[in-house]
Amino acid sequence: MTYCVGMKLDSGLVFMSDTRTNSGVDNISTFRKMHSFEKPGERYITIMTAGNLATTQSVISMLAERTKAPEERNPSILAAASMFQVAQIIGDLLRETIRTREQTGLNAETTFNATLIVGGQIKGMEPRLFLIYPEGNFIEASEDTPFFQIGETKYGRPILVRGFQSDMSFESAVKLLMVSFDSTMAANLSVALPLDMLLLPRDRFEPLQKRRIAEDDPYYRSVSDKWSDALRSAFHSLPDYTIE
């Protein structure tokens with residue numbers, strides 16, 4: 001399984017993903033689920049993946065291949081006129097990849113399913129964030145839906161729903177995501193460290209920060225420990241129930 005979150009802030013975009021891939025308790029691997037494509041000074045695009053590893057790796061590999069001499073290998077996301085067109089290209093490629101594997105005689109609905117979060121900015125346009133479904137269709141982040149989750153979403157969602165504010169700083173967004181991922185990992189062994197994180201400020205076209213967060217990361221460890229302590233403290237501060 002996996003857990004990925006993309007957030008749209010007033011100041012830009014924030015991405016975080018885990019790296020756990022498993023096919024049973026005795027076959028656990030680490031794979032990058034966050035992938036970026038850029039044209040320096042003109043556009044920066046990030047994709048996060050959840051679902052069948054063969055499907056997602058195939059989609060990312062084909063997108064990367066098209067960025068080599070993009071004028072000759074259309075459609076390339078580095079040549080698309082807008083982020084909406086970027087989402088269309090990726091959605092079409094995802095749908096076609098799943099359909100091709102379906103024709104092998106296997107059940108694509110269960111075997112080759114994949115979902116993607118795509119976000120970025122092209123010069124002269126607003127930062128945009130999309131959630132792309134296996135069918136190739138997609139929805140865009142808005143004021144009502146300012147963040148997207150894919151993978152094992154249920155454990156970390158309450159944290160995001162209660163804590164997210166569009167005007168929050170990148171620092172606060174990272175702290176919120178750390179709590180959301182920590183809560184998810186505490187409840188589900190199929191999500192695990194290390195985590196990949198990318199902060200993309202508005203109109204910058206390069207990351208403010210792009211890093212991997214390992215098990216021994218001091219900030220993550222501090223947030224995890226203090227969040228557990230805060231939950232226990234909050235629980236004990238609640239009124240006691242009386243059995244009559």
- Task: Report whether Val14 and Ile159 are members of the same hydrophobic cluster (ILVMFWY, side-chain heavy atoms less than 4.5 Å apart, transitive linking).
- Result: yes

- Could you tell me whether the side chain of Leu131 reaches within less than 4.5 Å of the side chain of Phe138, counting heavy atoms only? no

- Are Lys226 and Asp229 close enough for a salt bridge, meaning some N to O gap below 4.0 Å? no

- Item | Plane angle bin for Phe84 and Phe130 - parallel if under 30°, tilted between 30 and 60°, otherwise perpendicular | perpendicular

- N/O donor-acceptor pair under 3.5 Å between Gln85 side chain and Ala81 backbone: yes

- Item | Considering all heavy atoms, the nearest Ser11-Phe170 contact | O-CZ, 3.6 Å

- Message: One thing to verify: whether Asp217 and Arg211 come together as a salt bridge, which I'm taking to mean a side-chain N less than 4.0 angstrom from a carboxylate O.
- Response: yes

- Item | Min side-chain heavy-atom separation Pro127-Leu200 under 4.5 Å | no

- Task: Go through Leu94 and Thr55 one step at a time and tell me if the side chain to side chain contact (heavy atoms under 4.5 Å, CB included) criterion holds.
- Result: CA-CA 8 Å; Leu94 176 60; Thr55 297; 3.9 Å; yes

- Message: So, taking the atom named CG in Leu160 and the one named CZ in Phe147, what distance separates them when rounded to the nearest 0.5 Å?
- Response: 4.5 Å

- Item | Exam field: side chain Ser237 to backbone Ala234, donor-acceptor pair closer than 3.5 Å | yes

- Give a yes or no answer on whether the side chain of Gln121 reaches the backbone of Met125 with a donor-acceptor pair at less than 3.5 Å. yes

- Message: If the threshold is 4.0 Å, N to carboxylate O, is there a salt bridge linking Lys154 and Glu152?
- Response: yes

- Item | Shortest non-hydrogen contact between Tyr155 and Thr184, atoms and distance | CB-CA, 3.8 Å

- Task: Take Thr21 and Thr2 through the test side chain to side chain contact (heavy atoms under 4.5 Å, CB included) and record every step on the way to the result.
- Result: CA-CA 7 Å; Thr21 298; Thr2 189; over 6 Å; no

- Calculate, to the nearest 0.5 Å, the distance between atoms CD and OG1 belonging to Gln149 and Thr115 respectively. 12.5 Å

- Message: side chain to side chain contact (heavy atoms under 4.5 Å, CB included), that's the test. Do Ile117 and Ile47 meet it? Break it down for me.
- Response: CA-CA 6 Å; Ile117 292 175; Ile47 304 169; over 6 Å; no

- Task: Return yes if some donor-acceptor pair links the side-chain N/O of Thr153 with the main-chain N/O of Ile150 below 3.5 Å, else return no.
- Result: no

- Query: For Tyr220, does its backbone N or O pair with a side-chain atom of Ser224 as donor and acceptor, under 3.5 Å?
  - Reply: no

- What heavy-atom pair brings Ala214 and Pro194 nearest, and what distance separates the two atoms? CA-CB, 4.2 Å

- Message: Counting C-beta onward and ignoring hydrogens, is there a side-chain heavy-atom pair between Phe164 and Met7 closer than 4.5 Å?
- Response: yes

- Message: Does atom CZ (Arg95) have a neighbourhood of more than 12 heavy atoms from anything else shown, all under 6.0 Å?
- Response: yes

- Message: Hydrophobic clustering (ILVMFWY, side-chain heavy atoms < 4.5 Å, transitive) - are Leu208 and Met168 grouped together?
- Response: yes

- Item | Heavy-atom side-chain contact between Leu193 and Met185 under 4.5 Å | yes

- Message: Quick check on side-chain contact (heavy atoms from CB on, under 4.5 Å): which of Leu93, Ile89, Val86 does Pro75 satisfy it with?
- Response: Ile89

- Does Arg20 use its side chain to pair, donor to acceptor, with the backbone of Leu189 at less than 3.5 Å? yes

- Task: Could you pull out the closest heavy-atom pair between Ala87 and Ile132, with the gap in Å?
- Result: O-CD1, 3.7 Å

- Would you say Asn52's side chain and Asn113's backbone share a donor-acceptor pair under 3.5 angstrom? no

- Query: From Ile139 CD1 over to Phe148 CZ, what is the distance, rounded to the nearest 0.5 angstrom?
  - Reply: 4.0 Å

- Quick one: CE on Met178 to CH2 on Trp227, what's the gap to the nearest 0.5 Å? 14.5 Å

- Separation between CD1 of Ile213 and CG of Leu177, rounded to the nearest 0.5 Å: 9.0 Å

- With side chains defined as the heavy atoms from C-beta onward, is the minimum distance between Ile45 and Met83 less than 4.5 Å? yes

- Side chains of Thr46 and Leu13: does their closest heavy-atom pair fall under 4.5 Å? no

- Going by heavy atoms in the side chains, are Ser166 and Leu9 under 4.5 Å from each other? no

- Could you check Thr97 against Met62 for side chain to side chain contact (heavy atoms under 4.5 Å, CB included), going step by step and ending with a plain yes or no? CA-CA 10 Å; Thr97 300; Met62 284 188 280; 3.3 Å; yes

- Task: Using a 4.5 Å cut-off on heavy atoms from C-beta on, say whether the side chain of Ser190 contacts that of Tyr3.
- Result: no

- Indicate yes or no: does Arg221 engage Asp216 in a salt bridge with an N to O separation below 4.0 Å. no

- Item | Donor on one side chain, acceptor on other, Ser58 and Ser61, under 3.5 Å | no

- Query: Less than 4.0 Å between a side-chain N and a carboxylate O, is that true for Glu38 and Arg43?
  - Reply: no

- Heavy-atom closest pair (Ala114 atom, Thr56 atom, distance to 0.1 Å) is CB-CG2, 3.7 Å

- Approximate separation, where rounding is to 0.5 Å, of Lys33 NZ and Leu195 CG: 10.0 Å

- Nearest heavy-atom contact between Met48 and Ser17 is SD-CB, 3.9 Å

